[in-house]
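The structure presented is a predicted model; accordingly, all values stated were derived computationally and were not measured. Numbering of residues begins at 1 and proceeds along the displayed sequence. Below, all heavy atoms of this structure are taken into account, side chains as well, without hydrogens, waters or symmetry copies.
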Amino acid sequence: MFEERNAEAARRVRAALETALVQGEVLHGAMHATKKSSFSGKVFAVGVTDGRLILVELDRKFEPKSAPITVLPTEITKASIDGWGGGASHFLSSGNMPEIRFDTANEKYKLLVVGGISGETLMGEDYTAGLQAICQFITDAAAP
């Protein structure tokens, strides 16, 4: 039931991110998430390469709405990958609606994982793989 919609969403998310890649750069994972703020939320395509996170705001049709935002690992000053208090391992196995949080000098990001972590059954294999790659990038960047 969800397979066709998941595949189309994954295709649009990847397309939005691939326009930001430089020659030779590989997109290792991609997903979409809601960036929370005090009174609203925006949907972003989130991708990871060897050297950076790429975020692109999406409209309702999953088309790019803004210029890509790049976050380098050295720019991440603080990070939290958390389900309901259990850390990264709980986060990746949880069926809840966890958040990926990270700060840079200029911005605080709170990304609500769309659909929770219900795995490949609900969101599809591409989404799950992208989520794992993004979590690994943020965890590695925040490590002392």
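Summarising the geometry, atom CG belonging to L55 is positioned 6.5 Å from atom CG belonging to L111; distances are rounded to the nearest 0.5 Å. Put simply, CD on E25 and CG on D50 are 8.0 Å apart, with the number rounded to the nearest 0.5 Å. Rounding to the nearest 0.5 Å places CG of L131 at 5.0 Å from CD1 of I100.
What you find for K61 and R12 is that their closest heavy atoms are O-NH1, 2.6 Å. The two residues K108 and K35 make their nearest non-hydrogen contact at O-CE, 4.0 Å. Considering every non-hydrogen atom in both A10 and D126, the closest pair reads CB-OD2, 3.5 Å. Between A105 and T77 the shortest heavy-atom distance is N-CG2, 4.3 Å. Of all heavy-atom pairs spanning V56 and P64, the tightest one is CG1-CB, 3.9 Å. Considering every non-hydrogen atom in both R14 and G29, the closest pair reads NH2-CA, 4.2 Å.
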> Step by step, would you call D103 with E107 a side-chain contact (heavy atoms from CB on, under 4.5 Å)?
Replying inline: CA-CA 6 Å; D103 297 351; E107 185 76 30; over 6 Å; no
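No side-chain heavy atom of E57 sits less than 4.5 Å from a side-chain heavy atom of V43. The shortest side-chain heavy-atom distance between F137 and T49 does not fall under the 4.5 Å cut-off. Using a 4.5 Å cut-off on side-chain heavy atoms (C-beta onward), L112 and K110 make no contact. At a threshold of 4.5 Å between non-hydrogen side-chain atoms, the residues T34 and V113 do not count as touching. Within the 4.5 Å cutoff, the side chain of Y127 has no heavy atoms near those of the V13 side chain. No side-chain heavy atom of V48 sits under 4.5 Å from any side-chain heavy atom of L27. Residues Y109 and I69 form a side-chain contact, since some pair of their non-hydrogen atoms from C-beta on lies under 4.5 Å apart. Inter-residue side-chain proximity for L21 and I54 is flagged as met; some heavy-atom pair is nearer than 4.5 Å.
Listed by first then second residue, pairs satisfying ring pair (Phe, Tyr, Trp, His ring centres under 6.0 Å) with a partner in residues 43-66 read H32-F62, not counting sequence neighbours. Applying the side-chain hydrogen bond (donor to acceptor under 3.5 Å, both in side chains) test to pairs two or more places apart or on separate chains, those with a residue in residues 65-76 are R52-T70.
At a threshold of 4.0 Å, the pair R101-E99 counts as salt-bridged, since one of the basic side-chain nitrogens sits closer than that to a carboxylate oxygen. At a threshold of 4.0 Å, the pair R11-E8 counts as salt-bridged, since one of the basic side-chain nitrogens sits closer than that to a carboxylate oxygen.
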